[in-house]
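All chains are named by letter (A, B, ...) in the order of the sequence lines, taking the proteins before the strands, and each is independently numbered beginning at 1.
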There are 4 protein chains.
Amino acid sequence: MTKENIINSALQQLAIHGYEGTTMKKIAEASNIKSASIYYFFKNKEDLVNNVLLKVLSGHFKAMTDEYFKYENEELKVRFETLLEKIVRHHRGNQNETAVYLRLMESNNTDFKMEVEQYLKQYNQWLTEKLYRNIKDEYTCKDETAIKDLLETYMLIGNGLFWGSIIYSDSRIEKEIVHAKNLFNLAMMNMLEEE
Amino acid sequence: MTKENIINSALQQLAIHGYEGTTMKKIAEASNIKSASIYYFFKNKEDLVNNVLLKVLSGHFKAMTDEYFKYENEELKVRFETLLEKIVRHHRGNQNETAVYLRLMESNNTDFKMEVEQYLKQYNQWLTEKLYRNIKDEYTCKDETAIKDLLETYMLIGNGLFWGSIIYSDSRIEKEIVHAKNLFNLAMMNMLEEE
Amino acid sequence: MTKENIINSALQQLAIHGYEGTTMKKIAEASNIKSASIYYFFKNKEDLVNNVLLKVLSGHFKAMTDEYFKYENEELKVRFETLLEKIVRHHRGNQNETAVYLRLMESNNTDFKMEVEQYLKQYNQWLTEKLYRNIKDEYTCKDETAIKDLLETYMLIGNGLFWGSIIYSDSRIEKEIVHAKNLFNLAMMNMLEEE
Amino acid sequence: MTKENIINSALQQLAIHGYEGTTMKKIAEASNIKSASIYYFFKNKEDLVNNVLLKVLSGHFKAMTDEYFKYENEELKVRFETLLEKIVRHHRGNQNETAVYLRLMESNNTDFKMEVEQYLKQYNQWLTEKLYRNIKDEYTCKDETAIKDLLETYMLIGNGLFWGSIIYSDSRIEKEIVHAKNLFNLAMMNMLEEE
DNA sequence: AATGAATGAGTATTCATTCAT
DNA sequence: AATGAATGAATACTCATTCAT
């Protein structure tokens, strides 16, 4: 389908050139159509990019939730660790998608910026809540603050992993995953001890 | 001085709009001159941006090394922790500078991309070597791999902090710093125990 | 057709203003379109001018060969004389075309310079060979050098006529043609006598 | 002297790049000064180019008259022939000067065009008159028209030589000179015979 | 569903020129 | 005598968008 074709080409172009650097002509060429034809399917550039962003973000959310539920029955520690790893693998396997929302977040188009930021907030919130529930359900932890701290620490490690997945080579990334898992184990054990 | 003025305006614009989104006219307007005048001081846009980048990167390096040497006589643990904090504070206090090199790194101009990436690599190398020396000098650690792992873990935490400093609010960042410090302490103690 | 229209306008402008002096805006105005539209048909200024040059040179060659073959069955002397006259008439009737390649030859664009020079060389070669064959076939001239000299003399007269067609008025040109014919007759008779 | 220096640099630049292609900056660079300094000596670009043109044309006239008078006491035929040769040698030895007035003549600046054309007309007139007088004085030629025809023929040959000096190589030019002399001899003898 | 043709608004850059020093 | 700094106007070219077909 042409429409899907255009979205994919746009995704690719946006990943490489960013919003300002992506032209309708380049997208059209990558789709083997003429640029005028894009306007049959999309109102304008913004509309098209919005569609791309929607695809990227919903794809990300689906991948993340799928991953989460796949390991729902595992032991808590394993679940946390696996999720950490899966985040990296997803970014590595979908570098274009990640590049797109990174670049749109930094574009000077406020709409995209806000959309990405809002999504990120929502996703973080969803994840945090899930994880919070998990801990609550499995550990009889009295100290709510301790849980929150652990989760924030978890996010910190996740962020480090994320940025590493952007700037590091494949081999380095594998090490990062190991370090991240170890780090989280330490943090968790530390919390349980204090308890 | 007009030349300095132009560089600063360009820095600001690049932070907001990125390379493609920054126009000579916008820079000129922000400098209260006409765009033709920019060409009296700079050969072209690339030349100007190169000057901005040079300023940003050398500024970053100076700040980082200054910070490093300021605490050189402190206890190792304090030194590591302080550096972690200072990195965040520097990014927070110089958001424009950070934004510039983030965005240039992602621009489709290969020259800038490479310059930033090379700088980052160099800086990382410098930092890693310094820290490696520090640990070696102060701890009689037999296991070289353990030190390397600790350093990589330190970088992982630093990366998490860095990305957090891009996406989080001021209040959240303060918490991140605390988590980061704790995390590193755990990692270090863990290494020493194993020894 | 718009494309043809643009080429013709460009031809006109190039004849008047030369390469550097011809602007895309002037061409557009002369074509009753906006300058951006030119880029729908031509990659850039150089591409457009190349098309103009192609038209001019192929037009010149066609006119010259047509003229040559039209009188192929006439007596040799008549043929030479007619050709001399036709060269002038062609330049006079197509002053713009002549002006274009004269000016492009003198432009500081090496590509056009070389294209025109190469064409001129080719055309001269073609003409010389044809004429050489004609003399050889019709006169039992033993002295090859004499023929070559006659041809070079013919070219000299042709060049005088050409330059005259650039700088002289219509009435003066008519006289030039008569002088040129007489001159060539003298040169030819002189060669035959010596034989 | 700086002024002379500027004129010479401008001459060189005009020969290479023509009027439109010659910039004040290029002239300044070739003169080892800054472009603003040119305006101390010349009102504007046109004024400067006018000075160059003046130099070129007066230089040409001086060279031509010098040459003429140097051979004034020679035999008429020799005088004509020598002058023909000297014209070529002058153009060949002063290619820049010739290029300048050729290119200015074709520039779209009407002033220069007219100045060059007027000079050429004047020079032609001067030369024609001189030569006319020479013939009149030395030959008892009754037919005025014959003399005029001979002179026009002479100019035709001169023009051929001139254009050849623009487009031909050094070796070819030497042959051209021989042909031109022979041709003029034939023309002159022809006129005398008819008498 | 697709495109050929066209364009207004911009974009980096150049150029002749000015003027205070 | 010379220039550093500045600019209005122009130049080739690009880009998102439109519209008739």
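Heavy atoms of Thr22(B) sit under 4.0 angstrom from primed sugar atoms or phosphate atoms, though from no base atom. Using a 4.0 Å heavy-atom criterion, one finds that Ser37(B) contacts the bases of the nucleic acid, with or without backbone contacts as well.
Pair assignment for dA20(E) gives dT3(F), based on Watson-Crick or G-U wobble hydrogen-bonding distances that are each under 3.5 Å.
Taking the side chain of Lys34(C) as heavy atoms from C-beta on, and the options dG4(E), dT3(F), dG8(E), the nearest nucleotide is dG8(E). Looking at the side chain of Tyr39(D), the nearest of the listed nucleotides dT18(E), dA6(F), dC13(F) is dT18(E).
Both Lys26(B) and Thr2(A) sit near DNA chain E, but only Thr2(A) has its closest nucleotide nearer the 5' end.
Side chains of Tyr123(D) and His60(D): no donor on one and acceptor on the other come within 3.5 Å. A donor-acceptor pair shorter than 3.5 Å cannot be found between the side chains of His17(D) and Thr22(D).
Look at CD1 on Ile38(B): it is 12 Å from C1' on dA6(F), rounded to the nearest Å. Atom pair Lys25(C):NZ and dA9(F):C1' shows a separation of 10 Å (rounding to whole Å applied). A straight line from CG of Asn5(A) to C1' of dA1(E) spans 14 Å, rounded to a whole angstrom. A straight line from OH of Tyr40(D) to P of dG4(F) spans 17 Å, rounded to a whole angstrom.
Between the side chain of Arg103(D) and the backbone N or O of Ile16(D) there is at least one donor-acceptor pair closer than 3.5 Å.
Cation-pi geometry between Lys113(C) and Tyr19(C) is not satisfied (NZ or CZ under 6.0 Å from the ring centre, within 45° of the ring normal).
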